[in-house]
Amino acid sequence: MSGLSAPSGQPLIIDDAEAGVFRVNRAAYASEEVFEREQRALYDHCWLLLGHESEISRPGDFKTRTIALRPIILCRGDDGRVRAFINSCPHRGAELCRETEGNRSIFHCMYHSWTFRNTGEVHTVRAEEGYTGGFRREDFHLKQVPRLESYREFVFICFDPDAPDLVTYLGNAARYLDYLADQGGDGMEIVEGTQLYAARANWKLQMENVIDFYHTVPLHTSYFRFLESTGADISSGVGGAGYDLGNGHSAVHFKAGWGRPVARWEPRWGEAEKHRLEALRADIEARVGPQRAEMICDWDRNILVFPNLTVADVVALVVRVVNPIAPGMMEITQWCLAPKGEPEEARSRRLHAFNTFLGPGGFATPDDIEVFEGSQRAFGAHRELAWSDFSRGYHGEATRPETEVRSDYEGQTRAFYREWAARMGAIVSHRVDGALPREAAAE
Ligand code: FES
Ligand code: FE
C-alpha cells in the first residue's frame with residue numbers, strides 16, 4: 001500500500017458505494033503524522049480566510065492574526081492597498097506588531113528598533129553605518145504572504161504561489177458568499193469585536209459539526225427551550241438538505257422557525273419591524289432578482305468553505321475560522337457580519353442572537369465543545385475503536401443543476417472528507433470488509 005494510513009496500518013477512510021458505508025478512522029483526529037500532513041497538504045495550499053475589508057477600512061488600519069500557525073499582519077497601507085505580512089521582524093525574528101489591532105504608518109520593532117512602513121519597506125535601520133559589504137536594505141522588507149485576494153470583501157490568503165486563483169478555488173461556494181454580501185444595500189461590515197476561544201479537540205470535529213443536522217435537536221435542548229420561552233415557533237424543527245458544492249465546500253439549507261434578520265419576520269419583533277423587513281426584501285429583490293432574493297431572505301444556511309471556514313447565516317451571521325494548533329487542540333476566531341447602516345434595534349437583536357446562540361458562552365457552542373472534547377479523549381483509543389460513521393443517506397444523493405449534489409443526510413460531510421483524503425494522499429478503502437490490512441484481518 002502507498003499513501004497515508006492510520007498508525008495501525010488501516011486506511012483513513014472507508015468509502016464503500018456498494019454497501020453504502022462511509023467511515024473515518026479516528027486516527028485522523030489523533031495522529032501527529034496526520035496533523036503534520038494536513039499542515040503541508042492542506043494549509044500550505046488552500047485559500048484561507050484572513051479577514052474582511054471592512055475591518056481595515058482606513059489607510060494604516062491593521063489586525064494581527066495567526067493563520068496556519070503563522071503570525072500575520074493584515075494591513076491597509078498608506079497607499080490604500082490591502083496586504084498580509086508575516087508578523088516577524090526580518091532582522092532577527094522578533095514579533096513586530098504586538099497589538100491585535102490599530103492604525104499605524106510605521107511598525108516599530110521593540111528588539112533593536114528597526115522600523116517598517118505599512119507598505120512593507122524597511123524604513124530605518126538603527127546605526128546603519130555599522131553594516132558594510134553585502135548589506136542591502138531590500139533584503140529586509142517585510143515578508144508578504146505569497147497570495148492575497150478578496151472576494152466580495154472577504155480577504156483570503158494562500159501560502160502557495162502557484163495555487164489557482166481564489167474564484168476558481170471557491171467555485172460554487174462563491175455564490176454562497178454572494179448570499180452574504182448581498183444582504184446589505186450599502187455593503188456588509190464586521191461588527192467590532194472578536195470572539196477567540198479554544199477547544200481541546202481536533203479541528204475537523206468543528207467542521208463536521210457545522211454541517212450536521214443530526215445533532216441539533218438532541219444536543220441543543222436548552223436552546224430550544226429558551227427559544228420557546230421567547231415565543232418563537234420552533235415546531236417546524238431545523239431539518240433541511242445538504243449540498244456538496246465541489247472542491248470540498250458544502251452548505252446545509254434549512255428554514256428554522258426562529259426568524260431571520262434578513263426579511264423573515266417574527267411576530268414578537270413588532271409591526272414596525274415587519275414594514276422595515278418588507279422594504280428590505282423589496283430592495284434585495286431589486287438588486288439580485290427574485291430567485292436569489294428567496295435564497296437570501298427565506299433560507300437559513302450554514303456554509304463550509306474548505307478547509308477551515310464556516311459561516312452560520314441564521315439568527316445572526318457568524319463568520320468562524322477554525323485554526324488547528326495540534327491534533328487535539330483548535331482555536332476558533334469568530335466575528336459577527338452585518339449590513340452597514342442597520343438600525344440600532346435590529347443590530348442589537350442581531351448581536352443578542354449572535355451571543356446567545358453561537359457565542360462561546362451561548363446556548364449552542366458550549367454543548368458542541370463538550371462533545372468535541374469528550375470525543376477527542378476517546379480518540380486516544382483509536383486502535384481499539386477505530387471508526388466514526390458518516391453513512392446516513394449514502395444512497396439518497398441526487399444530482400442537482402449547477403453541479404451541486406444534494407443530500408438529505410450526510411453527503412455534505414462525505415464531500416468534505418473525500419476532498420480531505422484526496423489532498424492528503426490518504427488511503428481510502430472502497431470495501432468495508434477490506435478495511436483491515438490482510439494480516440490483521442486474518443487474525
Ligand atoms: Fe527587530 Fe532586531 S529583531 S530590530
Ligand atoms: Fe451544534
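Both counts, for ligands and for their atoms, begin at 1 and track the order of listing. What you see is a predicted model; the values in this text were computed from it and never measured.
- Nearest protein heavy-atom contact of atom 3 (S) of ligand 1 is R92 N, 3.4 Å.
- Ring centers of F140 and H123: at least 6.0 Å apart, outside the cut-off.
- Applying side-chain contact (heavy atoms from CB on, under 4.5 Å) to C336 and the options L317, I190, V319, V191 leaves one that passes, V191.
- With salt bridges taken as basic N to acidic carboxylate O contacts below 4.0 Å, none links R76 and D61.
- Heavy atoms of Y111 found under 4.0 angstrom from ligand 1 belong exclusively to the side chain.
- The 12-atom threshold is exceeded at CZ of R423, counting heavy atoms of other residues, nucleotides or ligands nearer than 6.0 Å.
- Remark: the D78 side chain and the S105 side chain contain an N/O donor-acceptor pair separated by less than 3.5 Å.
- Interface atoms of ligand 1 facing W114, defined by a heavy-atom separation under 4.0 Å, are 4 (S).
- Inspection of the Q206 and N308 side chains reveals no N or O donor paired with an N or O acceptor under 3.5 Å.
- Listed by number with element, the atoms of ligand 1 under 4.0 angstrom from any heavy atom of C89 are 1 (Fe), 3 (S), 4 (S).
- With 2.8 Å as the limit, D368 counts as an N, O or S neighbour of the Fe ion (ligand 2).
- Under 2.8 Å from atom 2 (Fe) of ligand 1 lies an N/O/S atom of H112, whether from backbone or side chain.
- In summary, H91 places no N/O/S atom under 2.8 Å from atom 1 (Fe) of ligand 1, failing the contact criterion.
- Atom 1 (Fe) of ligand 1 has its nearest heavy-atom neighbour, among S113, P90, S88, C109, in C109.
- The pair E33-R37 does not count as a salt bridge, with every side-chain nitrogen at least 4.0 angstrom from each carboxylate oxygen.
- Taking the Fe ion (ligand 2) as reference, the nearest N/O/S atom within H220 carries the name NE2.
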